[in-house]
Amino acid sequence: MKRKQINHKLIIVAMLIWTLNFLSSEVSAKPPESNEPIRIITNNWSSQIVLANVLGEIYSQHGYEIEYVELTSLDQWGRLHRGHEHVQVEVWEGTMKEDFERVSKYGNILDAGNHDAKTREDWWYPSYVEKTCPGLPDWHALKKCADQFARPGSLGSGQYVAGPWEKPDAARIRALDLNFIAVPVEKGDELWVELDKAYKKQVPIVLFNWSPNWIESRYEGKFIEFPKHEAPCETDPKWGINKSKTHDCGNPKNGWLKKVAWKGMEDRWPCALRILRDMNLNNTMISEVAALVDADGKSHHEAALIWLQNNKSIWKNWGAEVCR
Ligand code: TMO
């Protein structure tokens with residue numbers, strides 16, 4: 001008799017534990033699962049900052065505390081890895097693949113999926129340059145007209161106006177034996193100032209640009225077609241037309257655009273992580289959000305609110321499967 005009672009009690013306890021577990025897993029996805037602020041990274045180009053604000057607004061609507069933290073795309077990796085910041089909405093293959101893969105190996109950051117947008121980051125010129133430098137966009141043309149791109153200080157070599165993001169441009173210039181120097185601007189916006197100055201005077205310029213970006217909706221131009229990118233180009237000197245140097249190729253043409261998160265989000269904010277996973281923009285949307293700022297003069301936050309207002313049907317279901 002006694003033994004039977006114990007069994008009975010055990011069964012009730014087991015059922016209670018099961019029910020509590022079940023309830024708590026439901027509760028854990030009801031935002032905000034934690035009142036700790038979610039720290040969203042902003043970098044230094046417009047679409048990234050607008051999308052960071054878009055995500056922040058959606059998180060706020062779900063009751064999360066949020067903070068924006070401005071970091072360079074170089075500094076962000078160690079901080080994401082340690083959980084100091086938690087979310088990055090635009091990781092570009094052309095400029096960030098190597099850092100992303102290196103830090104991923106330690107297991108503390110998550111690949112939160114790709115946007116539909118396909119990306120390209122490379123040397124770019126406005127179309128009028130073709131008049132004086134025939135053969136473009138093929139890179140060989142740069143060999144013949146390097147001097148047209150000379151600037152005060154470039155000592156007769158062509159000057160490539162590089163972005164402030166880490167790219168092995170000097171290595172490529174050496175590997176392809178171009179008479180160019182790469183001179184980076186300090187802030188991304190300065191690229192458009194340089195482009196505009198050259199454009200007004202129709203002076204040859206070749207500069208860093210990317211797609212999707214707002215530039216393609218306001219200026220005519222093309223990317224330089226360097227030898228087609230393949231992974232071994234960056235690691236195997238024997239690959240490609242230069243048999244003793246790496247980087248004798250362009251950047252990928254159909255690059256990915258990723259969202260990345262601190263791994264701890266899985267336990268701390270499962271709903272917020274799911275919203276990030278579901279966040280998905282295409283090329284048109286990304287150029288549009290950039291144009292709102294760079295062409296139309298809105299603030300990043302204003303641009304985010306405009307995008308949210310105009311695209312409710314797109315973002316309203318982000319996270320729906322997990323956030324209750
Ligand atoms: C990372 N970026 C879009 C500036 O090339």
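For ligands, and for the atoms within them, numbers begin at 1 and follow the listed sequence.
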### Task
Kindly say whether the aromatic ring centers of Trp210 and Phe208 come within a distance under 6.0 Å.
yes
### Query
Is it the side chain, the backbone, both or neither of Gln48 that has a heavy atom closer than 4.0 Å to ligand 1?
neither
### Heavy atom of the protein closest to atom 5 (O) of ligand 1 (residue, atom name, distance)
Glu121 OE2, 2.6 Å
### Message
Salt bridge check, Arg151 against Glu194: does any charged N sit closer than 4.0 Å to a carboxylate O?
### Response
yes
### Query
Between Trp256 and Asn114, is any side-chain donor less than 3.5 angstrom from a side-chain acceptor?
no
Enumerate the atoms of ligand 1 whose separation from the nearest heavy atom of [X] is less than 4.0 angstrom.
X: Trp165; answer: 4 (C)
X: Phe208; answer: 5 (O)
X: Met96; answer: 1 (C)

### Query
Donor-acceptor pair, Asn43 side chain versus Trp45 backbone, under 3.5 Å?
no
#### Entry: Pairs flagged by salt bridge (Lys or Arg N to Asp or Glu O under 4.0 Å) wherever residues 104-125 is involved - sequence neighbours left out
Asp111-Lys258, Arg120-Glu225, Asp122-Arg172
